[in-house]
Amino acid sequence: MEFLRLIEEKWQKRWEEARIFEANPDPSRPKFFITVAYPYPNSPQHIGHARTYTLADAYARYMRMRGYNVLLPMAFHYTGTPVLAMARRLAEGDPELVKDFVKIYKVPEDKLKELTDPLAMARYFHEEIKEGMRRIGYSIDWRREFTTIDPQYNKFIEWQFRRLQKAGYITRGSHPVGWCPKDGNPVGQHDTVGDVEPEIGEFTLIKFRFGEWVMPTATLRPETVFGVTNIWLNPKATYVKALVDGEGWIVSQQCAEKLTYQNRSVKVLERFEGKALIGKAVRNPAVGSEVLILPADFVDPGNATGVVMSVPGHAPYDYVALENIKVDEARLREFGLSVEAVKAIRPISVIEVPSYSEIPAADVVRRMGITVQTDPKLEDATKEVYRHEFHNGRMRENTGKYAELPVAEAKERVKQDLIAEGKATTMYELLNRPVRCRCGTECVVKIFEDQWFIDYGNPEWKALAHKCLARMRILPEELRSEYVYVIDWLREKACARRSGLGTRLPWDPDWIIESLSDSTIYMAYYTIARHINAYGIRAEQLTDEVFDYVFLGIGDAGEIAGKTGIDERVLEEMRREFLYFYPLDSRHSAHELIPNHLTFMIFNHTAIFPENLWPRQIVTNGHVTMEGAKMSKSFGNIIPLREGLAMFGADPIRLSVLATAELLQDADFSPAVARAMRDRLERLYRLTVETLKGQGESSGEQANIDRWMLSRLQGHIARATEAMEKLVVRKAINTIMFDLDQDIQWYQKRVKASGGGVPAKTLRETLRVQVLMLAPFAPHICEELWEMMGENGFVSLASWPKPDETMVDEEVEEAESLIRSLLEDTLEILRATGITPKRVCYYAAAPWKWQVYMKALEMAIGGKLNQGILMKRLMEDPGLRAKAKEVAGFAGKIVEEINRTPHDKRQKLLKVGIINEIQALKDAEDFLRAELNAEIRLYMEESPQIYDPKNRAHIAKPWRPAIYIE
Ligand SMILES: [Zn+2]
């Protein structure tokens, strides 16, 4: 471990001294610009964060070795509530947070007070995160570092917002937003516990009448109002009578409070338990009939009004609740309900839908075997009925003027008509509630007045975003439909807050641009951050004209230089650098940023930049779990990155977070995996040291086994390269480390048995290539080995290997795989029989069998092999005709087998042709003797000198010698 640490420090220092990751424009080389979402410095990074960043770094390193001029920069996102909320919780002395800071993050206790200042906290963790990124060996060009509160960056964001405003993408008005009542701020995904995006839905409140009171039932399916059989109230929940905009309403207590956030004046008059109203009758405003109020525990007073209309014909929840209460006479009596009256309630069908009965809810409930209202399958049942009715349903005759209308249309018409007649209104509610703010408070929906929005609902803008997406490479491709969905679904997004760090809205400086809105095109800023840092360009010099010129080519550099005092040459240099590195080649983040950040990035690029500068690729990955469990501070299974690095080393951690999963899956980290990776790297180190000690420079002619090793190596290079091109990194690492290692071990065993000493030349070449391919993943140890091998320069800058076709020898590979499976088969027999062998005899197939086999393969290339046709062809040969019976017997055995063999394997075998099997066996004789610790005898089937006491030789097939053990 200690030696790994020394190697890491040594190479990190050398990289820094040689500045090899500082990328400048170089027109002679193709460029590749990679960015990862910059971190919020509100806590140190842990091993879970390492996945996205390490993936981007390994990709950057790979592309660098492929000859690209790679730029991988980094910055820090100080903006908004993530930092602010953390500092506030610390200031409030939140005991859990204090414990996390001291116990998990190892913040010195005397530092805590200082960190209650948001800026101090950001600075502190900024350094902490940066140090972690250095220690894990990311190939970052640190000259371009910035924070989102640097005054120069603020100027850039101001420019962006003025551009958006000019394009008509900024609106002001009243819109519903997710809201934290405690903070008095809108909440987005980055402000919530568990990073959930608040999803807002509009409920229709249908005004059922209870005397002079309104009981507004909340529904997402107003068209089913014609099928209402009763009302549900939660008997244990607290309800209120309140004046809502002057009208007397009965709603849950929570609802009364929520309505105040939606521009309603609410005056609560009286509180009571829901059970007080059970058994009373209310009038359905749509049809005029009266229905009973019944008790239901599934009614959540925290959801919308807490008053639910029951439509058992089309709502599985209602159907099950009604069936349940009908048979629960004790409960009916408890609430003083008439048993006969309740039992008489029948579901009313108002929608006709193909392939369902009158009562679709009943069909689905029965099919899913649901009997109680607490069954979680009810969610799926509800979704199914809703989906089918919405897409294929038609309103029945009993719905009056809506009869025959498709449900999708009726839904909207019923709602609008009821509202127009004063029989309904609307209310917003979170569809995925409860959503908690990071401060712990449950979020609500607020209609936000006079707020600034970015209008992602603009249809022309959506069209541009779709156009950009269509041209982009999305990895993994499976997620493309999610981007399509989000682009369609996005509406106005509140883009400014009253508090937090960040850039002030240029035309209304009381507002601060929030963190998902000031992080959409900053990749462009990296291309000029180097000049701003190096030339000491001040914020006041960065006028809109500067950005217009640098990013859009508008205006004259000389003139702008005169106005701003920025040297004309510097302005031109900035413009050139931007045009060299842009567009962005690859953007990296975790999947969860698709609904906001990643899609916002697409939108904003299309709004600001010309088409040729739109981003080209997005790569997202899943999370990291810890020994199968979700990583969470409350589980105590978070390992801060720097602690992990100290425990396991940088290269083992890099490999651990990448080798256990492909992009779509969650990766599972465990100390055992990290230690296993470390062991493998140490073994590679020892093997290299041994190999380099070996004398083998003039090993003379290559043996078959050397040709085999080098041929296999070409295949591994090809597979690893293909995997890296698609960022199928788990497969790449498996190929480079595990598959190649297995071959190396096999090769060593084979060579050792033949007494050939250390086969340095072949092994050196193999290890050299392995080190090259492993370098993007485990760069430190690979640099060390590269140097030990006497290679020039950094392995980080060496060329990624290309498979050498001239070294591919399929015959040698197939012959070796014959030996491999022969040994396995023999060992299997020994295991099964428990024999300790004195002698092992192998019988190679007779030449005529090869002749038959090749003919069969040849015919199988054209399609399915037919035994009759094969025999006809074989009998054209006089030699085979002479032994027709044996030929027929053998052909019968191989036809089925060849038909099962994959097409490409058949082609390969056909290409390799007839091999000298006896010779291949002879080459491996010493090896087999050593492995089996027995005398080895080799015979050709049908040879006169054969020793075959148990008559085994005749079962030999090409590529499958027969075995006899005694
Ligand atoms: Zn809050």
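Just so it is clear, the model here is predicted, and its values are computed rather than measured. Counting starts at 1 for both ligands and their atoms, in listed order. The analysis underlying the following values was restricted to heavy atoms, covering all of them including side chains, and did not include hydrogens, waters or symmetry mates.
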Participant: Identify, with sequence neighbours excluded, every residue that meets ring pair (Phe, Tyr, Trp, His ring centres under 6.0 Å) alongside Tyr317.
Facilitator: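 Residues passing ring pair (Phe, Tyr, Trp, His ring centres under 6.0 Å) with Tyr317: Phe298.
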Participant: Ignoring hydrogens and angles, state whether a donor on the side chain of Thr503 or Asp518 is under 3.5 Å from an acceptor on the partner side chain.
Facilitator: no
Participant: Using the benzene-type ring in the case of Trp, are the ring centres of Phe125 and Phe76 under 6.0 Å apart?
Facilitator: no
Participant: Is the side chain of Glu429 donor-acceptor paired with the backbone N or O of Ala304 at a distance under 3.5 Å, no angle test?
Facilitator: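 Flag set: sc Glu429 to bb Ala304 pair under 3.5 Å.
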Participant: Which residues and atoms, protein N, O or S only, are under 2.8 Å from the Zn ion (ligand 1)?
Facilitator: Cys180 SG, Asp183 OD2, Cys437 SG, Cys439 SG
Participant: Please check if any side-chain donor atom of His597 sits under 3.5 Å from a side-chain acceptor atom of Glu592, or the reverse.
Facilitator: no
Participant: Salt bridge (Lys or Arg N to Asp or Glu O under 4.0 Å) with Glu247: which of Lys241, Arg264, Lys207?
Facilitator: Lys207
